[in-house]
Structure formats: C-alpha cells, structure tokens
Amino acid sequence: MHVKSVLLFLFFCCFVLNSSPASSPLPSFPNVELAAASAAGAQTSGDAGAQEDQSSSTAASPPEEASVTKTYSLGEFLLTVSGSAEESKYEVTLTRSGQSILEEESYLVEPEGTIFEDTPAKGCRTLVTYIYSGGAHCCTTAIVATIQGQSHVFSVLDLAHSSEIEFSDINGDGIREIKIADWQFAYYGTGNQKIGFSFADSPAMERFMVFEDSGWRPDRQGQFQAFYEKLSTQHRSEAESKAGKPGRTNEFVAANAIQSAYSAVMAGKGDKAAEQLLQRLLPSSWKPELKQIAADVVRAAKEFNPGETTQPPRHPGT
C-alpha cells in the first residue's frame, strides 16, 4: 500500500512538470522589431532625400519661358513671327530682300501666315497674316503681301471689328477681290440721345478691295452694280418686314435702312436715291435726323479706305 502511494505521487509530479508553461520556451522574433525600425528609418531617409532632390531640381532647373519663332517666305518677302506664348505677345516683321518694311505687335493670338495661290489672278501669289490689338470688339489688322511677276506690293488693312478677310470673284471675271466690312456705323448716333446703335445693332457694310498693278484699292461706286443693287433690295425687304411691329425693332429697321441706302450709293444710284430710301424706310423716331443720316451714308460710302498699299523698294545691291 505504501509503495503504491509513492508511485502515484511520483506520477503526479511528472505530470505537473510536463504541463507547466515554464517548461515550454516562449517564441521570440528579434528580427521583426529590427526590420520595422530599418523600414521606418529608410522611409524617413528616403523622404528627406526626395525633398532634397526636389529642392535641388527646382533650384537647378527653373521653368523655361515658352517662345515661338516662325517664318513665311513669298518671293522677296519674308514674314517673321516671334514672341512669347506665355505672355501672348508677338513681334511681327515683314522684310523685302532683307530690308525691314513693317514692324508690328500682336497680342493674345499667335499670328499665322497663309499663302493663297493664283490670288488675286492666275500666276499671282498672296501672303496674309493678322495681328490683334486685344480688347473687346477690337481690333484686327490684316497684312496682305502680293507678288505678280517682279512686282511686290503689300497692304495694311484695318479690319476694325472683323477677324479676317475673304477672297471672292464677285463678278466672275477670273480676278478675286478681297471681301471686307465697313464698320463706320458701329455705335452710330447723330447726337440725338433717343436714337443710335449698340454694337449688337450696328450695321457692317459689305465692301471689296480690288487689285490693280499698284496694289489693292477700295471698289468704286458703280463698279459692281449688280451685286450692290441686289444687296440694297435685300436690306430694303428686311427693313420693311419689321417696320411698325412691336418689340425692339427700331434699331433693326434703321440698320437695314442705312445698309440699303449705302448699297444704293455703291450701285451708282446717286445721293438722291439713298436719301429717298431712308425717307421710305427709317422708323419715325429716326426721321427728324434724315438729312444728317443721308449725308453720313454718302460720305461713308465714298470715303471708305481701310488701309494703304505700298510698293517697297528692293534693298540696294539686290
């Protein structure tokens, strides 16, 4: 009995020792903390390096200003456009045989040169570019350089509120004219505060520049009679269609009345025909100013000249 008790006691002790937590060594992971510390240090070092690289790059490489230089050649003419796209300011120069004949500035829009073949007539070539002054409704200038054989001429045309010119053979004779607008009646008024045009109501008259040996000139009264007669009739019909109707129509009627009268002058109908059209078509509120309006229409038609044409000399020795 005693021996049996001893054996049971020894068995119990062995069981307790084998199941004790102290008998099982705890797992350890020393490399985990080191790896985490190394990663954190590497990240900090990398961020600092990136910041240093970025500041170093910024200091060493300042942003370069965008610039442009383009040239367009036509015979002895050379058009050069240079400037800053960032500032939207461009220098435009035209030379003949190396001699400067025109220097202008353009803003906002980069000028482009376009060459028109067989313009205005077969065998002729014309280079066109535009310069813009900036500002609302204003102002575009066309530079038109034309060569015909050995003849070199260029014109500077004030387009006012228009943005471009158009070449068109208006009478079918094989020679193309420049279609251009006459803006002399923009914001027109006679001094009478009850009448006048806003820009939206202002009429723009259709006109043409005609090419001759000496260059481009405005068309004359009666030169394109059929075209202007048709145009005068169209504007007369527009004015009559709105006359006396409710709403803001007085300015519309007045604008078409003035365009009809102007076109009659250009058709060669004379000053009296223009005044009669105005008497017939103007709204009643405008008729007290009839004489002045008629005089202004005739003057505008006869004096229209948006620019000048120059035959630049060749450079000495060329």
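Basis for what follows: all heavy atoms, side chains included, without hydrogens, waters or symmetry-related copies.
- A centroid separation of less than 6.0 Å is found between the aromatic rings of Phe185 and Tyr188.
- The hydrophobic clustering, which links ILVMFWY residues whose side-chain heavy atoms are closer than 4.5 Å, places Phe252 and Leu278 apart.
- Separating the SG atom in Cys124 from the CD1 atom in Ile147 is a distance of 8.5 Å, to the nearest 0.5 Å.
- Below 30°, between 30° and 60°, or above 60°: for Phe199 and Tyr187 the angle between ring planes is between 30° and 60°, a tilted geometry.
- Between the side chain of Asp182 and the backbone N or O of Met205, no donor-acceptor pair lies under 3.5 Å.
- Other residues, nucleotides and ligands contribute at most 12 non-hydrogen atoms within 6.0 Å of the CD atom of Gln193.
- Considering Ile180, Val144, Thr309 in turn, Ile180 is the only one that fulfils the side-chain contact (heavy atoms from CB on, under 4.5 Å) rule with Met209.
- Across Leu79, Thr80, Leu102, Leu78, a single residue satisfies side-chain contact (heavy atoms from CB on, under 4.5 Å) together with Thr93, and that is Thr80.
- Atom CD of Glu308 has 12 or fewer neighbouring heavy atoms from other residues, nucleotides or ligands inside a 6.0 Å radius.
- In this structure, Ser263 contributes its side chain and Gln259 its backbone to a donor-acceptor pair below 3.5 Å.
- In terms of hydrophobic clustering, with Ile, Leu, Val, Met, Phe, Trp and Tyr side chains grouped at heavy-atom distances under 4.5 Å, Phe167 and Phe208 are assigned to a common cluster.
- When atom types are taken as modelled, the side chain of Thr95 and the backbone of Ser100 share no donor-acceptor pair closer than 3.5 angstrom.
- A donor-acceptor contact closer than 3.5 angstrom is absent between the side chains of Ser84 and Ser67.
- Cluster annotation: Ile178 and Leu159 are assigned to the same hydrophobic cluster (Ile/Leu/Val/Met/Phe/Trp/Tyr, side-chain heavy-atom contacts under 4.5 Å, transitive).
- Counted within 6.0 Å of CD on Glu110, heavy atoms from surrounding residues, nucleotides or ligands total more than 12; the atom is thus considered enclosed.
- The CG atom of Leu157 sits 9.0 Å away from the CG atom of Asn305 when rounded to the nearest 0.5 Å.
- With hydrogens and angles left out, the side-chain atoms of Glu112 and Tyr130 include no donor and acceptor closer than 3.5 Å.
- For the residue pair Glu229 / Gln225, a side-chain donor-acceptor distance below 3.5 Å is found, with atom types taken as modelled.
- The OG atom of Ser155 sits 13.0 Å away from the CG atom of Asp158 when rounded to the nearest 0.5 Å.
- The closest side-chain donor-acceptor pair between Trp183 and Ser202, if any, does not fall under 3.5 angstrom.
- Taking a 6.0 Å sphere around NZ of Lys287, one finds it holds more than 12 heavy atoms contributed by other residues, nucleotides or ligands.
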